[in-house]
Amino acid sequence: MTTETRPVASPLDPVALRADFPILDQEVRGHPLVYLDSAATSQKPTSVLRAMDDYYRRDNANVHRGIYALSERATADYEGARVKVARLIGVSDPHTIVWTRNATESLNLIAYSWGRRHIGRGDVIVLTEMEHHSNLVPWQILAQEKDADLEFIPIDDDGVLRQDVFEVLLRLKPKLVSFTHVSNMLGTVNPVEEMTRRAHEAGALVSIDGAQAVPHMPVDIGAIGADFYSFSGHKAMGPTGSGVLWARRELLESMPPFLGGGDMIREVHLRRSEWNDIPWKFEAGTPDISAAIGLGAAADYLMALGMDRVRAHEQELVAYALDVLPREVPGIELYGPAADQRGGVVSFNLPGVHPHDVAQVLDRFGVAIRAGHHCTMPLHERLDLSATARASFGVYNTPADIDALAAALREVQALFGG
Amino acid sequence: MDDLYRDYILEHYRHPHNFGVLEQPTASYEGANPLCGDRITMQLQVEDGIVTEVGFTGRGCAISQASASLLTDEIRGKPLTEVAEFGAADLLDLLGIEISPARLKCAMLSFDSLQHLLDDIGAKPLAKDAG
């Protein structure tokens with residue numbers, strides 16, 4: 001990687017960056033690959049692949065156990081990755097970073113561990129209409145078990161959360177407010193600091209799903225002030241199987257374990273045990289060591305790019321897409337707010353063509369997008385849509401990728417229009 | 001020529017046959033594809049062991065709509081015994097296009113709904129692995 005030599009103030013050069021992502025250098029069905037599905041999972045830079053490969057080739061041993069060089073190196077890298085990730089998201093205490101498999105597991109951990117202890121009959125949890133299934137289903141399971149109530153902040157027609165309704169819902173004195181930082185379908189960037197402040201004033205704890213934020217913009221958890229923050233590593237240049245739950249130290253210390261087993265205990269007797277310190281209390285069994293190390297390398301990569309520059313680049317791409325697509329693809333329907341209020345996500349439909357067919361035809365031109373409900377079925381119901389197509393961007397995308405998308409969409413129209 | 005979106009597939013998608021709601025259905029079933037959110041409702045009217053009317057409604061992709069259109073054409077007017085013998089492979093033959101594994105669910109949405117209908121009216125028990 002050569003980012004150290006780039007001047008800090010200059011914008012990202014996505015064309016040069018693409019050399020860091022070997023997967024992008026390929027043809028699909030006779031066309032250069034145009035990868036527009038980073039909201040589903042990001043591609044991985046060579047530095048991440050190398051970090052994982054080095055671990056398996058050189059350092060592979062179990063962590064926190066062996067009194068020998070390999071295990072010491074593996075443990076140092078595994079714990080060192082926690083420090084790197086903490087730095088990426090503005091956390092000063094790396095022991096408040098718990099490794100999970102993905103944001104889904106992080107949110108489930110909160111619901112099972114904190115939720116089971118603190119949510120009771122008639123308690124209110126406030127969610128939003130734009131949540132990913134991963135921030136709905138764990139709370140539904142909890143609410144059914146505890147006979148608790150779920151309330152939802154609706155969206156307006158631009159796909160922005162109704163803060164006036166949020167204000168009303170806070171009068172119900174919820175125990176927890178859990179919402180997404182950035183919508184994976186609409187791209188809406190929610191005012192997380194303001195919402196956290198108001199939830200705290202009403203006495204609620206705040207959980208934020210940052211799966212679509214951490215990879216794409218500066219995230220300073222200290223400044224946001226939330227109580228829980230979850231994200232997936234694989235959307236943030238890291239490998240699949242890597243995820244993070246951050247929570248305030250007092251919360252993690254008071255929460256019961258999620259899974260029991262090795263590494264999460266201090267003492268085990270036949271009928272009782274004492275738990276390990278945080279974060280290991282929540283990391284039972286041999287963890288995905290290489291995934292954690294890979295995510296550490298991804299955090300280094302993103303920080304070297306500079307998250308301000310990443311955000312600026314992706315905002316430029318979204319603004320370009322929102323400008324070009326309606327002009328070049330007549331009749332296209334776009335969903336979500338204006339460019340300045342959204343992350344690198346553009347969901348759309350071509351009237352008369354199902355998004356599955358859109359994605360299928362696009363694939364023939366090497367253009368990879370997502371089609372379906374993007375794990376947001378309630379949001380699609382609210383928008384009265386059965387499905388949408390979605391293009392989403394990463395640092396390695398260029399305006400030429402959006403031109404390729406527009407050209408391929410015109411081919412879809414030609415095929416279905418005749 | 002396009003290997004998936006052949007003219008007749010697109011024609012069935014744009015103008016599906018048997019699209020609509022029956023007045024006196026013997027049985028109705030709503031099938032859904034949880035992967036993409038597609039839903040269709042299929043209805044049968046059966047008299048003296050013959051499928052006298054068949055209709056479907058719903059939203060879906062070209063493959064699922066064309067499949068429902070072709071399938072309903074195929075079974076209309078046929079005895080239930082014959083409809084019960086119509087298998088998934090027969091539907092794929094009828095479609096006459098190469099279906100990738102990712103799109104098989106789309107092609108089979110109408111067929112799966114029909115299997116539920118046949119089960120409901122006692123013409124053919126549902127296979128254990130059917131959704």
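Computed from a predicted structure; not experimentally measured. Note on naming: letters A, B, ... go to the chains in the order of the sequence lines (proteins, then strands), and numbering restarts at 1 for each one.
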Which of B:Ser100, B:Gly60, B:Ser64, B:Ala102 touches chain A most, by non-hydrogen pairs under 4.5 Å = B:Gly60
Inspect the surroundings of [atom1] in [X] and state if more than 12 heavy atoms from other residues, nucleotides or ligands are less than 6.0 Å away.
X: A:Arg101; atom1: CZ; result: no
X: B:Glu98; atom1: CD; result: no
X: B:Glu23; atom1: CD; result: no
X: B:Lys105; atom1: NZ; result: no
X: B:Asp93; atom1: CG; result: yes

Side chain to side chain contact (heavy atoms under 4.5 Å, CB included) with B:Cys61: which of A:Val353, A:Val358, A:Asp357?
-> A:Asp357
CZ on A:Phe416 to OH on B:Tyr13, rounded to 0.5 Å | 6.0 Å
Please name the pair of heavy atoms, one in B:Asp3 and one in A:Arg364, separated by the smallest distance, quoted to 0.1 Å.
-> OD1-NH2, 3.6 Å
Would A:His356 and B:Asp38 count as having a side-chain donor-acceptor pair, cut-off 3.5 Å?
-> no
From CA spacing to verdict: side chain to side chain contact (heavy atoms under 4.5 Å, CB included), B:Leu4, A:Val361 | CA-CA 9 Å; B:Leu4 184 62; A:Val361 177; over 6 Å; no
Where the side chain of B:Arg103 meets the backbone of A:Gln360, is there a donor-acceptor pair that is under 3.5 Å apart?
-> no
